[in-house]
Novice: 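My structure is below; once you've seen it, I'll send some questions.
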Number of protein chains: 2
Amino acid sequence: MTRKLIQAAAAGKKAKAATPNSRAGGDAAPLSNRATRAAERRAAIVEAAMEEFIARGFAATRLDDIAKRAGVAKGTIYLHFKDKESMFEELVRTVIVPVVARLNALPPPTGSVRDLIESFAGNFMKEVIGTRRGDLVRLIVAEGPRFPSVADFYYREVVSRGLAGMRALIDLGIARGEIRQKNLARYPQILIAPAMIAVIWQSLFQRHAPLDAQDMLRVHLDLIFGERRAT
Amino acid sequence: MTRKLIQAAAAGKKAKAATPNSRAGGDAAPLSNRATRAAERRAAIVEAAMEEFIARGFAATRLDDIAKRAGVAKGTIYLHFKDKESMFEELVRTVIVPVVARLNALPPPTGSVRDLIESFAGNFMKEVIGTRRGDLVRLIVAEGPRFPSVADFYYREVVSRGLAGMRALIDLGIARGEIRQKNLARYPQILIAPAMIAVIWQSLFQRHAPLDAQDMLRVHLDLIFGERRAT
DNA sequence: AAATATTGACTGACTAGTCAGTCATTGTCA
DNA sequence: TGACAATGACTGACTAGTCAGTCAATATTT
């Protein structure tokens, strides 16, 4: 009997939740399609899981909390993921993949290398630092050692590609005479370093001393390209 | 009977360890066997706890494992620390404090600023990157958001001091004409950034692509001070 | 009605923290 | 000095609670 009441409540909740269908996609279709529905569920779980993992770390995150946040029963999670661990791994993949895709959609290389890098990095700052994505990076740094497969994946898909891209830009800059330091091409990490610092700073020390990442980046680029003449 | 063996072993250990009484205070005070022993225990617990926390993170670390590694019963931990959480916090303090102390023991500023920074950073690399201390930094990055008091402490004792020191050096470099970029003084983080990257790289990606931190540092300094003439 | 999807109560393994008891060490007294 | 008492550091079995993962019951879709 307790069961019945609970079920009724659950049913009510579901019915209610089904109406305000404010999904990202604007289609008014009833979504009675089972597959669509399942995909939505999965997306909700991924979203909720990311939130929780970022806030508490892998070990301290409870599946019950993820389920509650996703508006789903715990069992449902196991319809989509084998266990907590592989959920974490798949989650990182799921979130990272579209980022990689966008990286691959290269903007046409026009203008000076400095402008290219500045606009690219500026975009990066805006979309990563201080956002959920930035927190994800910190999460990977935090849990990487215990999830080699995650670290591997991240290295392969993001780090190595990102560095390769940076290296190409640096080579271009060197060829065009914009960059003096030829050795820089050996360490594209140096180009990225301030951005990484900003990500970490944001989540650890922002409250103590706010950091203007954009401005820091500009100073860093001045170091590489030489001081800029008046804008 | 098991008990007897353990006790005997402990006694033996104590006798051996009691001799090299290298306390900070130089007083030859007796330090009654008992107190010495307790201090040793505490040190063993701290050491073991650091190892475990670094390897597994805060939440996934079992006190039983720490106790076992320290050669101590679980209850003993609670004679030294209030609970797991405050153990973690105190542990970070305990390990960091001597580092800060050494930072404060400034080396006399002789030679060029570049040499100063290079030797300082070189030392840093050797003592931090790829060592337990480096792992501790990563641990702080990982757990910081969930332990504000740890992040606060680390910021106050290490980050702010380190940055202030760097800023002083940069100012000196600017005054002496070794550094062109005046704005660099506003972001000493840029000076530190490659070192942080190296710490993180070491623990996440070393296996995929080894990173010569020393060399990277050199390139980075070339960026700041200008390319170096032949060594 | 059958097939499929979802639920959430339940289980069992695991662990932070406790505490009554032990015993080496230290202190006291003859 | 040697015998005895007091101390408190240390132990580890135990408690109380947590949480990942399961599955029979229920709901929904076809």
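So that the names make sense, note that chain A is the first sequence line, chain B the second, and so on, each numbered from 1. Reckoned from all heavy atoms, side chains included, excluding hydrogens, waters and symmetry mates.
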Novice: Run the salt-bridge test on A:Arg102 and A:Glu127 with the 4.0 Å N-O cut-off and return the result as yes or no.
Specialist: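 A salt bridge links A:Arg102 with A:Glu127.
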
Novice: Under 4.0 Å, counting only non-hydrogen atoms across every strand here, what does A:Leu79 touch: a base, just sugar-phosphate, or nothing?
Specialist: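 The answer is base, as A:Leu79 lies within the cut-off (heavy atoms under 4.0 Å) of a base atom.
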
Novice: Are any of A:Arg37's side-chain N or O atoms less than 4.0 Å away from OP1 or OP2 of D:dT28?
Specialist: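 No.
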
Novice: What I want to find out is whether B:Arg132 reaches B:Glu51 closely enough, with some N-O distance under 4.0 Å, to be called a salt bridge.
Specialist: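 A salt bridge links B:Arg132 with B:Glu51.
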
Novice: Rounded off to whole Å, could you give me the CZ-to-P distance for the B:Arg41 and C:dA24 pair?
Specialist: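 One finds 13 Å between P of C:dA24 and CZ of B:Arg41, rounded.
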
Novice: Nearest to the side chain of B:Tyr78, which nucleotide is it out of D:dA20, D:dC10, C:dT18?
Specialist: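 Closest of the options to the side chain of B:Tyr78: C:dT18.
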
Novice: Check nucleotides 14-17 of chain D for protein N or O atoms closer than 3.5 Å to its own N or O atoms and list the pairs.
Specialist:
none

Novice: Does the side chain of A:Asp212 pick up a donor-acceptor pair with the side chain of B:Tyr187 at under 3.5 Å?
Specialist: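 No pair is found: no donor N or O on one side chain lies under 3.5 Å from an acceptor on the other.
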
Novice: So, are A:Glu85 and A:Arg146 salt-bridged, with charged N and O less than 4.0 Å apart?
Specialist: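 Result for this pair is no, no salt bridge flagged.
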
Novice: Could you list the donor-acceptor pairs under 3.5 angstrom formed between side-chain atoms of residues 155-162 of chain A and any protein atom two or more places apart in sequence or on another chain?
Specialist:
| from | atom 1 | to | atom 2 | distance (Å) |
| --- | --- | --- | --- | --- |
| A:Glu157 | OE1 | A:Arg161 | NH2 | 3.1 |
| A:Ser160 | OG | A:Tyr155 | O | 3.3 |
| A:Ser160 | OG | A:Arg156 | O | 2.8 |
| A:Arg161 | NE | A:Glu157 | O | 3.3 |

Novice: Roughly, in whole Å, what's the span from NZ in B:Lys82 to C1' in C:dT18?
Specialist: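 My rounded result for the distance is 14 Å.
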
Novice: Using heavy atoms and a sub-4.0 Å distance, could you list which residues of residues 56-68 of chain A are near DNA chain C? By number, please.
Specialist: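 The answer is none.
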
Novice: State plainly whether the residues A:Lys68 and A:Glu52 are in salt-bridge range, i.e. N to O under 4.0 Å.
Specialist: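 Looking at A:Glu52 together with A:Lys68, the answer is no, because their closest N to O distance does not fall below 4.0 Å.
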
Novice: Ring centres of A:Phe147 and A:Phe58 under 6.0 Å apart?
Specialist: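 That pair passes the under 6.0 Å test.
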
Novice: May I ask you to evaluate whether B:Thr76 reaches the phosphate of D:dT11, defined as a side-chain N or O under 4.0 Å from OP1 or OP2?
Specialist: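 For D:dT11, OP1/OP2 do have a side-chain N/O of B:Thr76 under 4.0 Å.
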
Novice: CD1 of A:Ile77 versus P of D:dT22: gap in Å, rounded?
Specialist: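 To the nearest whole Å, that distance equals 13 Å.
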
Novice: Answer yes or no: is there an ion pair linking A:Glu118 with A:Arg218, defined by an N-O contact shorter than 4.0 Å?
Specialist: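 So A:Glu118 pairs with A:Arg218 through a salt bridge.
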
